Structure formats: structure tokens, C-alpha cells
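Notes to accompany the following structure.
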Amino acid sequence: MLITIWWVISDGDTTSWIIGVPTVAATLWWSLRQPSASQPLPRLIGLIRFIPYFLWESLRGGIDVARIAFSARIAMRPHFCTYILNLPEGPARRVFINAVSLLPGTLSADIRDERLLVHRLRSGPEDNHDLQACERRVADLFGFSISPMKTRS
Amino acid sequence: MDALDIVSLMLATGGVVFFFAGALGLLRFPDVYSRLHALTKADNLGLGLITIAVVLQLNSPTQWLKLGLIWLLVMLSGAVTCHLIARRARRVENRHRNRSACHDADS
């Protein structure tokens, strides 16, 4: 897979393998030294469902922030809120944390014991249901089921 | 200029508008976190639109893959960097607050 990525990046240029081969070897060596994955990788069916949602939310997020930037008066109320994570530690949680930053108006700032500190540009929905929805989508991507009741913070 | 060129042109123009919005947000928004919002979201969308615009002009599937990969990697690094900057800013802020609280208690 790493060789394929390098081939794509280098346009199949053979001389680039002078750098490519050591890079692939070093990455492979590093990745083999990592503890083996404790969680399943994203499911293909989950990926097919997740990508359109993610692209649509990115589009909304970009338009939203651009509108604020272009408006004559900056109308926003930046603040922090905490969100109690339901996803277990691991790849799924990392995907969620990074996806939050691309959702409209939210940005993940810090994690402290199962709590995600989220920065909002304006007051969000009462029970963080935008974050809940995103978390459910990520759980679906990895084939988890999470209880929605725990999410109230 | 055929229809494809016009679509490309529109998408690329849209992309530039979003990059401009990101830069404008960086200058106009009040604090470090709000500025991060502008940079991550607007620039990610801008890059996406420009990527699609360029893909429409290319014929080779490996080049589509390459551009897609670049977009994915930029998106990933953008989100991670944004989180790291926000976390750092938050922790430094907390440290300053604690320190000034100590000073207040001393005096």
C-alpha cells in the first residue's frame, strides 16, 4: 500500500525511488513497531455512508465560517463547552475528534479524561445533538453501537 | 471553452473565494480559537473545490488519485494541527490563569 502511495505521488518516476524506497522501508519499520491495532478498521459500507455526510458537513462548515468572515459586523459568541465522549479510546475516537473540527461552528480543543473540550463560534444546540450525530456516524463507520443517553453533558 | 472548462473555472473561483475568506477570518476574528475555525474549515473547502476543478482538467486516473491523496493528507494534517494549536493555547492560558491566581493569593 505504501509503495502504491509513493507511486501515485511520484507520477511513476523511477529516479524518485532513490528517496521512495528508504521512505517506504522506514515507514514500514515504524508501523510494525507500533502496538497492533486494538480496534477494527473502518468498514467499507460505513465509509460509503460516512463520506457524503462528511463532505456535506465540510461544505456547510466552510460556507458558515466564510459568511461570518465576510459579514460587515462579526456576529459571534465564541465559547467552550464540554462533551462527554462515548467512543472508546482508539482510531474511532481520533476520527471523531478531527471530524468535529470540520463540522460547522465547532472545533475540538482538548481532551481530559473522557471529556472533549469543544470550542464553538456561537451558542450550539442545547444537548450538543450536532456532536452526538457526528459521533453516531463515526461509530457506524467503525461498526460500533453507542448509547445516545450517556451523551448529555 | 467548453462546458467542462466553465465548471472548472467556477469551482476554482469558488475555491479562491474560500481561501480569501479563511485569510480574512484570520485577520478579523477576535481570538486564536475563532481564527482556527476560519483557517481549517474555509481553507479545507477551498482546497477541495480547487482540487475538483483541476481533476476535471486532467485525463489520467493516477493524477486524480494523486490530487485526491493530497487533499486527504492536507485535510488530515490541517485538522490535527488545528487541534494541537488549540490544545496548546488552552493549556498555556490555564497556566497563566493559575499563576496569576497564585499571585493574587500572595498579595
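Predicted model, so just to flag it, every value in this text is computed and none were measured. In the text below, chain A, chain B and the rest are named by the order of the sequence lines, each starting its count at 1.
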Going from CG on B/L39 to CG on A/L107, what distance comes out if it is rounded to the nearest 0.5 angstrom? 10.5 Å
Whether the side chain of B/R28 engages the backbone of A/S71 through a donor-acceptor N/O pair (distance < 3.5 Å, no angle test) should be reported. yes
Do A/I63 and B/F18 touch side chain to side chain, with heavy atoms closer than 4.5 Å? yes
Which residue out of A/I111, A/T106, A/L103 racks up the most heavy-atom pairs below 4.5 Å with chain B? A/T106
Is it the backbone or the side chain of B/D43 that comes under 4.5 Å from a heavy atom of chain A, or both, or neither? neither
From the list B/G48, B/A42, B/S34, the residue making the most non-hydrogen contacts under 4.5 Å with chain A is B/S34
Interface residue of largest heavy-atom contact number with chain B, from A/R120, A/H119, A/R67, under 4.5 Å: A/H119
Is it possible for you to say whether A/L131 and A/F142 belong to one hydrophobic cluster, with membership spreading through side-chain heavy-atom contacts below 4.5 Å? yes
Portion of B/R88 that has a non-hydrogen atom of chain A nearer than 4.5 angstrom: neither
CD/A/E57 to NZ/B/K41 distance, rounded to the nearest 0.5 angstrom? 11.0 Å
Same hydrophobic cluster for A/L59 and B/I52, using side-chain heavy-atom links shorter than 4.5 Å among ILVMFWY? yes
Joint hydrophobic cluster, B/L76 plus A/L102, side-chain heavy atoms closer than 4.5 Å: no
For A/A69 and B/L24, work out which heavy atoms get closest and say how close. O-CD2, 3.4 Å
Tell me, do B/V80 and A/N98 make a side-chain contact under 4.5 Å, heavy atoms counted? yes
Within this structure, what is the CZ-CG distance for the pair B/R90 and A/D110, rounded to the nearest 0.5 Å? 7.5 Å
Measure across A/S108 and B/A86 and return the closest heavy-atom pair with its distance rounded to 0.1 Å. O-CB, 4.3 Å
Flag the pair B/H83 / A/I97 as yes when at least one side-chain heavy-atom distance between them is below 4.5 Å, and no otherwise. yes
Cluster overlap B/L47 with B/L56, hydrophobic side-chain contacts below 4.5 Å: no
Atom OH of residue position A/Y53 - does it have more than 12 heavy atoms of other residues, nucleotides or ligands inside 6.0 Å? yes
Heavy-atom distance under 4.5 Å to chain B: side chain of A/R60, backbone, both or neither? neither
Report which part of A/I68 has an atom under 4.5 Å of a heavy atom belonging to chain B: side chain, backbone, both, or neither. both
Correct closest heavy-atom pair for B/T40 and A/S101 would be OG1-O, 4.0 Å
Any link between A/F70 and B/L26 through a network of hydrophobic side chains (Ile, Leu, Val, Met, Phe, Trp, Tyr) touching at under 4.5 Å? no
